[in-house]
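Notes follow the structure.
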There are 2 protein chains.
Amino acid sequence: MSEESGSADEVFGFFTEIGIINQLSTAMFAKSLPDGVHPSHFSILNHLARMGDGKTPMRIASAMQVTKNTMTHSLKVLQERGYIDVQPDPEDGRGKRVFLTDAGRAFREEAIAQVSEQFRHVIGGDQLTIMRRIRGDLELMRKHLDDNR
Amino acid sequence: MSEESGSADEVFGFFTEIGIINQLSTAMFAKSLPDGVHPSHFSILNHLARMGDGKTPMRIASAMQVTKNTMTHSLKVLQERGYIDVQPDPEDGRGKRVFLTDAGRAFREEAIAQVSEQFRHVIGGDQLTIMRRIRGDLELMRKHLDDNR
DNA sequence: CTTGACTGGTTCGATATCGTACTAGATAGT
DNA sequence: ACTATCTAGTACGATATCGAACCAGTCAAG
């Protein structure tokens with residue numbers, strides 16, 4: 001193998017490792033969420049709670065790294081469950097604004113409690129140490145990929 | 001916030017970062033694959049080429065971290081495309097064995113070339129350095145999650 | 001042997017996601 | 001002011017994935 005395919009193997013192996021960790025953590029996450037609520041739905045609520053609501057669907061889609069189609073679908077689900085309130089954007093006739101309802105905020109709090117409980121059994125001191133150690137590098141990698149996609 | 005929710009935030013942020021990297025790399029990967037071939041399909045071919053074919057669907061499913069339902073579906077796609085050959089397991093009346101065809105091997109080679117080409121433009125020396133630096137920690141984390149799910 | 005528990009694989013229904021195409025409103029160029 | 005281009009959101013079809021239910025073959029306990 002040439003040095004190019006050697007690094008290709010390295011790159012592929014790296015992203016494979018990332019993929020497996022993502023899948024295992026997402027599955028664990030999904031299991032600790034109440035029935036029928038997908039991790040991506042929770043992420044939207046979490047984003048709105050942390051960064052402030054009243055954002056447009058497109059802004060949320062960009063932040064969540066999904067297409068606007070997916071966001072339309074996810075918001076419909078959250079709206080049906082009464083966790084968000086979607087209103088027309090007063091400043092842009094095309095746009096909408098997404099607001100958290102009290103039920104949405106309550107649900108998020110509850111979900112965080114359940115997820116924390118679940119993860120407390122799996123994530124120990126060693127794991128936290130690893131997370132803190134490589135977090136910066138992960139952010140660098142993410143930013144680079146994001147800028148060069 | 002208490003120290004527990006503090007570490008919950010840390011954990012959540014870490015896995016979010018992992019998820020975004022996974023999504024960006026998968027999307028990039030998918031774009032550099034020929035029409036209609038999903039990254040997961042390629043991964044199966046790659047696994048069979050690297051680890052040797054003749055494995056059962058269940059073994060492949062475990063290695064790929066997907067359910068057997070998904071494997072049934074993926075194998076059907078690969079078979080329709082003529083990339084694999086599925087035969088009954090002579091040692092187990094329930095089981096099957098999956099073999100790569102010449103077309104499957106050729107397709108894998110070609111895909112690797114295309115993917116390498118694509119990634120060469122995005123993954124530079126800095127990124128390789130990061131990958132090498134955190135690869136060991138990622139493997140530790142993956143193993144831990146895998147053992148404790 | 002025979003029966004009960006387990007395992008490999010398939011089928012079915014549900015869902016999250018994406019790509020393409022479309023509509024309606026906004027914005028820039030002339 | 002008009003037109004062309006761009007953008008926000010939706011609709012539709014396709015697909016990957018999962019969970020639950022199911023069938024058929026294996027295996028162990030008596």
Side-chain angles (χ1 to χ4, degrees), chain A residues 19-20 22-45 54-81 84-98 149, chain B residues 19-20 22-45 54-81 84-98 149:
Chain A
I20 295 179
N22 178 61
Q23 209 214 338
L24 292 173
S25 64
T26 303
M28 198 180 316
F29 190 12
K31 246 190 296 186
S32 63
L33 281 175
D35 71 317
V37 180
H38 198 267
S40 60
H41 300 155
F42 172 81
S43 288
I44 295 172
L45 296 180
K55 297 194 187 307
T56 71
M58 268 307 292
R59 279 185 59 89
I60 306 173
S62 300
M64 302 282 103
Q65 305 278 359
V66 298
T67 64
K68 52 186 182 174
N69 317 312
T70 302
M71 192 47 55
T72 298
H73 176 253
S74 299
L75 292 179
K76 201 186 304 176
V77 173
L78 289 172
Q79 197 175 22
E80 280 165 4
R81 284 178 174 267
I84 59 170
D85 190 25
V86 181
Q87 297 171 4
D89 187 335
E91 297 174 6
D92 187 334
R94 303 164 298 179
K96 301 203 169 173
R97 301 271 185 160
V98 182
R149 66 178 138 157
Chain B
I20 294 178
N22 177 61
Q23 209 215 338
L24 292 173
S25 64
T26 303
M28 199 180 317
F29 190 14
K31 243 189 296 184
S32 63
L33 281 175
D35 70 317
V37 180
H38 198 267
S40 60
H41 300 155
F42 172 81
S43 288
I44 294 172
L45 297 180
K55 297 194 185 309
T56 70
M58 269 306 293
R59 279 185 60 88
I60 305 173
S62 300
M64 301 283 103
Q65 306 276 2
V66 298
T67 64
K68 51 187 183 173
N69 320 315
T70 302
M71 191 48 55
T72 297
H73 175 253
S74 298
L75 292 179
K76 201 186 303 176
V77 173
L78 289 172
Q79 199 175 21
E80 280 165 3
R81 285 179 172 267
I84 59 171
D85 190 25
V86 182
Q87 298 170 2
D89 187 336
E91 295 174 6
D92 188 334
R94 301 164 299 181
K96 302 202 168 173
R97 301 273 185 158
V98 183
R149 67 179 139 158

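Order of the sequence lines fixes the chain letters, A, B, ..., with proteins taken first and strands second; residue numbering starts at 1 for each chain.
Rounded to an integer number of Å, the gap from B:D89 CG to D:dG25 P is 13 Å. The distance from atom CD1 of A:I20 to atom P of D:dT17 is 14 Å, rounded to the nearest whole Å. When rounded to the nearest whole Å, the span between CG of A:L78 and P of C:dT15 equals 14 Å. Here C:dA16 presents its P atom at 17 Å from CD of A:Q23, a figure rounded to the nearest Å. In this structure, B:L33 places its CG atom 12 Å from P of D:dA16, rounding to the nearest Å. Separating the CD atom of A:Q79 from the C1' atom of D:dT10 is a distance of 13 Å, rounded to the nearest angstrom.
With contacts defined as side-chain heavy-atom distances shorter than 4.5 Å, the pair A:L45/A:I84 qualifies. For the pair A:R97/A:E91, a side-chain contact is recorded, criterion being any heavy-atom separation below 4.5 Å from C-beta on.
Taken from CG in A:N69 to OG in A:S74, the straight-line distance is 10.5 Å, to the nearest 0.5 Å. In this structure, NZ on A:K55 lies 13.5 Å from CD1 on A:I44, to the nearest 0.5 angstrom.
Of all the heavy atoms in A:V37 and A:F42, the pair that sits closest is CG1-N, 4.5 Å. In terms of heavy-atom proximity, A:T67 sits nearest to A:A61 at O-CB, 4.2 Å.
Taking only side-chain nitrogens and oxygens, B:S74 never comes nearer than 4.0 Å to OP1 or OP2 of D:dA16. Within the 4.0 Å cut-off from OP1 or OP2 of C:dC18, at least one side-chain nitrogen or oxygen of A:T70 is found.
B:E91 comes within 4.0 angstrom of no nucleic acid atom, judged by non-hydrogen atoms across all strands.
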Exercise. Which nucleotides of nucleotides 4-14 of chain C have their base under 4.0 Å from a protein heavy atom (B), which only their sugar-phosphate (S), and which neither (-), written as one string 5' to 3'?
Worked result: ---BBBBB---
For this session: Using the side chain to side chain contact (heavy atoms under 4.5 Å, CB included) rule, take B:V77 and B:H38 through it: C-alpha gap first, then chi angles, then the decisive distance, then the call.
Result: CA-CA 10 Å; B:V77 173; B:H38 198 267; over 6 Å; no
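Heavy-atom distances under 4.0 Å link DNA chain C to A:V66, A:T67 of residues 60-67 of chain A, given in residue order.
Residues meeting the side chain to side chain contact (heavy atoms under 4.5 Å, CB included) test with B:Q87, sequence neighbours left out: B:D85, B:F99.
Using a 3.5 Å distance cut-off with no hydrogens or angles, the side chains of A:S40 and A:S43 do not pair a donor with an acceptor.
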